[in-house]
Amino acid sequence: MPSVKISASILNSDLSCLAGEVKKISDNGIEYVHVDVMDGEFVDNITYGSAVQKSFAPHTSAKLDTHLMVMHPQKQVKLFAEAGSDIITFHIESDCDADALIDEIHSLGVKAGVAVKPNTPVETVLPFIEKADMILVMTVEPGYGGQGFIPETLEKIRAVREAAEKQGRDIDIQVDGGINTETAKLVKEAGANVLVAGTFLFRAENMKAAADSMR
Ligand code: DX5
Ligand code: ZN
């Protein structure tokens, strides 16, 4: 299994001070800034576009982990690649040709992730283990931070890790939603290695200690 990495979601950070918040992430030794892009169509909520990511990118040395919760991700990938994304993850439930989109993300020099919502069968993403760099198993219904972890998703994490091992693919498996010290233990045991946390990290007294407690 690949090494454990932490990705801090800025969704529940102080959005009026994003430069400072993303700097805080890298200052505390966290590998990724998790950028939750929502379009009001794929999910009800609307957050931020590539212009906002481009503006805060120079203020962090962490890699940018862009999570597209949008209906038409093919319209966004070039914009976010130009806005500094190191990895772009789109949803298998969105309106796109997943295979072609992975190729396009790779052609932009960016890693490609494929995400699956809690109620979507894990079989929908298994075919992409071969080509994608990361599979994101959502551990909450996408749309908002601060929700409760859905334990039924553990089985899906196990299924992705087993399929990857059968294919000899040491792929990253990301989890996202309700991750803290306790749930981090469960998801790592199931095979996840990239742990997204928003509320847990930004509410912590000591962000570095909180992140290290997840590792
Ligand atoms: C939810 C987002 C998550 C969320 C995680 O749609 O994809 O990244 O911000 O937030 P917490 O860690 O607060 O559950
Ligand atoms: Zn996310």
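Ligands are counted one by one from 1 in listed order, and the atoms in each one are counted from 1 as well.
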**Message:** Under the criterion side-chain hydrogen bond (donor to acceptor under 3.5 Å, both in side chains), I'd like the reasoning laid out for Thr66 against Gln53: C-alpha separation, chi angles, the key distance, then a yes or no.
**Reply:** CA-CA 9 Å; Thr66 303; Gln53 178 178 298; 2.8 Å; yes
TODO: Check whether the side chains of Asp39 and Gln76 place a donor and an acceptor atom closer than 3.5 Å, and report yes or no.
DONE: no
With sequence neighbours left out, the residues meeting side-chain contact (heavy atoms from CB on, under 4.5 Å) with Val140 are Met138, Gln147
Consider only side-chain N and O atoms of Thr47 and Asp36, and report whether a donor and an acceptor are under 3.5 Å apart. no
Residues with a heavy atom under 4.0 Å from ligand 1, by chain and number, are Ser9, Leu11, His34, Asp36, Met38, His67, Met69, Met138, Pro142, Gly143, Tyr144, Gly145, Gly146, Asp176, Gly177, Gly178, Val196, Ala197, Gly198, Thr199
Excluding water, the protein N, O or S atoms sitting under 2.8 Å from the Zn ion (ligand 2) are His34 NE2, Asp36 OD1, His67 ND1, Asp176 OD2
Q.
Students often mix this up, so state it plainly: with edges at 30° and 60°, are the rings of His91 and His67 parallel, tilted or perpendicular?
A. parallel
Nearest heavy-atom contact between Leu18 and Ser13 is CD2-OG, 3.9 Å
For Ser50 and Ala83 the tightest heavy-atom approach is O-CB, 3.5 Å
Quiz: residues 192-204 side-chain donor-acceptor pairs under 3.5 angstrom, not counting sequence neighbours:
from, atom 1, to, atom 2, distance (Å)
Asn193, OD1, Arg161, NH2, 3.3
Asn193, OD1, Ile173, N, 2.8
Asn193, ND2, Ser3, O, 3.0
Asn193, ND2, Asp172, OD1, 2.8
Thr199, OG1, Asn12, ND2, 2.9
Thr199, OG1, Gly146, N, 3.2

**Pair Thr139-Thr153, side-chain hydrogen bond (donor to acceptor under 3.5 Å, both in side chains): steps then yes or no** = CA-CA 6 Å; Thr139 44; Thr153 58; 5.3 Å; no
